[in-house]
Asks: 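The structure under discussion is supplied below as structure tokens; questions concerning it will follow.
Side-chain atoms are counted along with the backbone in the values below, which use heavy atoms only and exclude waters and symmetry mates. Numbering of ligands and ligand atoms starts at 1, following listing order.
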Amino acid sequence: MRILGIESSCDETAAAVVEDGVSILSSVVASQLATHARYGGVVPELASREHLRAIVPVVRLALDESKSTYADLSAIAVTAGPGLVGSLLVGLTFAKSLSFARGIPLIGVNHIEGHVHAVVLEAKQRGTPVEFPALALIVSGGHTHLFETRADFTYRLLGKTRDDAAGEAFDKVAKLLGFGYPGGPVIDLLAPYGNSRAVPFTLAKMKGNALDFSFSGLKTAVLRWTQARDLAGEIQKRKKLLADHPRPTAEQWLAITPQETLDLLASFQGTVIQELLRRAAAAAECMGARSLIISGGVACNSGLRAAAIARHLPYPVHFPSPALSTDNAAMIAAAAFPKLARGEFADLSLAASASLPLA
Ligand code: KG4
Ligand code: ZN
């Protein structure tokens, strides 16, 4: 059974064809990074316009690469939320139109559930399926959530960020220091050259639900650190480097970045990793998890991967491959497969929802 997945919740227009919830026959992602980079973040109006431009060729390419015709599709799965409403509407309207015109069943998918399925799908492909109940830590530019995930893909929210998402904190800190957008990959690249104990950031203490996250205090501490120094010269050099080279190498960054700034990046990243892992481990223990899933753009972070392994947790930890960590449509098609089996179809009233809850 082949499902066409369509994803347009943020700044990637993606389409994929997945067979039987496990074989990725095609996965096409059109990134808008170049459009948003100069603004230091995603500009919603520009994102909607880019989705409109990309949606037809992206879906066509996904069908061509999978050697599928519309007649081969058992369903069309589309992200209904959470995300930017203008962006969601492009994928959703396209999917509904296709479903109506071709008589193909429509399935609405929650974007966060997609990130969970990126891991479930690859674990199945490796022959080591995820054991349930699992604790899912979804960390991206828009989300930092802990979900108890059961074998029937029902969910219970155990904790979430009260302010910034972890990826957002990476992006804001990078922007503050002139490292461009997105910030996660650059900080990940440079953190190994700094001392993660050099700047002693305090960990967030949460009143109420101890499994909630907060990154705004850390962001403010980084702001204070920068205000206490004269960084104008080094920030200027980095902006110039970015103008000449859209994606500088580690060597190029290192040549214009003092050790003190590298130490700050390492300490910031180390603190985010500690915040994520200590709460994930506490949540996993509290629900009796048999595995830990870490997914979303920040799951690409090599420091996070190394730290999760170094913890020697008493259950397996599953990360997606880098291609399935950031937004893609294969995860949306995979998430729709159990819904297809259960006959959970949507009709044309399916609406885009900026804050669609999962649990
Ligand atoms: O899942 P994603 O593609 O989009 C959202 O749903 O938000 O995640 C993008 C986020 C950005 O904030 C980006 O800075 C972060 O993931 N990210 C990383 C890394 N690669 C991407 N954060 C830390 N380390 C990385 N290697
Ligand atoms: Zn995402």
Asks: Flag N301 as yes when one of its N or O atoms lies below 3.5 Å from any N or O atom of ligand 1, and as no otherwise.
Replies: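 Yes: some nitrogen or oxygen of N301 is under 3.5 Å from one in ligand 1.
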
Asks: At a 4.0 Å threshold, what atoms of ligand 1 neighbour a non-hydrogen atom of H115?
Replies: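 Counting from 1, the qualifying ligand atoms are 1 (O).
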
Asks: Going by the atom numbers of ligand 1, which of them fall below 4.0 Å from some non-hydrogen atom of G167?
Replies: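 The atoms of ligand 1 under 4.0 Å from a heavy atom of G167 are 12 (O).
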
Asks: With only distance considered, is G296 within less than 3.5 Å of ligand 1 through an N or O on each side?
Replies: no

Asks: Got more than 12 heavy atoms from elsewhere within 6.0 Å of CZ, R229?
Replies: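 More than 12 within 6.0 Å, yes.
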
Asks: Considering both backbone and side-chain atoms of D327, is one of its nitrogen or oxygen atoms within less than 3.5 Å of a nitrogen or oxygen in ligand 1?
Replies: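 D327 vs ligand 1: N/O contact under 3.5 Å present.
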
Asks: Salt bridge between E45 and R49, side-chain N to carboxylate O under 4.0 Å?
Replies: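 The answer is no: the pair does not qualify as a salt bridge.
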
Asks: To the nearest 0.5 Å, how far apart are CG in L340 and CZ in R2?
Replies: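 Here the rounded value is 14.0 Å.
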
Asks: Please write down residue, atom name and distance for the protein heavy atom closest to atom 26 (N) of ligand 1.
Replies: D188 OD2, 2.9 Å

Asks: For the pair E234 and K237, find out whether any cationic side-chain nitrogen is under 4.0 Å from an anionic carboxylate oxygen.
Replies: no

Asks: Which option, V139, D171, D164, L189, owns the non-hydrogen atom nearest atom 13 (C) of ligand 1?
Replies: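 Checking each option, the heavy atom nearest atom 13 (C) of ligand 1 is found in D171.
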
Asks: Hey, do the aromatic rings of Y39 and Y181 have their centres closer than 6.0 Å?
Replies: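 Between Y181 and Y39, which both carry aromatic rings, the centre distance is not below 6.0 Å.
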
Asks: Taking distance alone, with N or O pairs closer than 3.5 Å, would you say P182 contacts ligand 1?
Replies: no

Asks: Which atoms from ligand 1 have a heavy atom of G141 less than 4.0 Å away?
Replies: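 Near G141, the atoms of ligand 1 are 5 (C), 7 (O), 8 (O), 9 (C), 10 (C), 12 (O).
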
Asks: Using a strict 4.0 Å threshold on nitrogen-to-oxygen distance, state whether D171 and K175 make a salt bridge.
Replies: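 Looking at D171 and K175, the cut-off is not met.
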
Asks: Could you tell me whether the side chain of L242 reaches within less than 4.5 Å of the side chain of P248, counting heavy atoms only?
Replies: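 Counting from C-beta outward, P248 and L242 do come under 4.5 Å.
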
Asks: Identify, for atom 22 (N) of ligand 1, the protein heavy atom at the shortest distance, and state residue, atom and that distance.
Replies: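 Of every protein heavy atom, G184 CA, 3.3 Å lies nearest to atom 22 (N) of ligand 1.
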
Asks: Hey, does L324 have a side-chain heavy atom less than 4.5 Å from the side chain of N328?
Replies: yes

Asks: With rounding to the nearest 0.5 Å, note down the distance linking CG in D188 to CG in L304.
Replies: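 If I round to the nearest 0.5 Å, the distance is 9.0 Å.
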
Asks: Answer yes or no for H111: is there a heavy-atom contact with ligand 1 below 4.0 Å?
Replies: yes

Asks: Taking only heavy atoms of G142 into account, list the atoms of ligand 1 that are under 4.0 Å away from them.
Replies: 7 (O)

Asks: For E344, check side-chain hydrogen bond (donor to acceptor under 3.5 Å, both in side chains) against everything at least two apart and list the hits.
Replies: R342

Asks: Of the protein's non-hydrogen atoms, which lies at the shortest distance from atom 8 (O) of ligand 1, and what is that distance?
Replies: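 Looking only at protein heavy atoms, the one closest to atom 8 (O) of ligand 1 is G297 CA, 3.3 Å.
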
Asks: For the Zn ion (ligand 2), which protein N/O/S atoms fall under 2.8 Å? Skip waters.
Replies: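 Less than 2.8 Å away from the Zn ion (ligand 2) sit H111 NE2, H115 NE2, D327 OD1.
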
Asks: Is the F153-H117 ring centre distance short of 6.0 angstrom?
Replies: yes

Asks: For the atom pair CG (L254) and CD (E251), what is the distance rounded to the nearest 0.5 Å?
Replies: 6.5 Å

Asks: Could a heavy atom of P185 be found less than 4.0 Å from some atom of ligand 1?
Replies: yes

Asks: For the CG atom of L146 and the CG atom of L276, what is their distance to the nearest 0.5 Å?
Replies: 8.5 Å

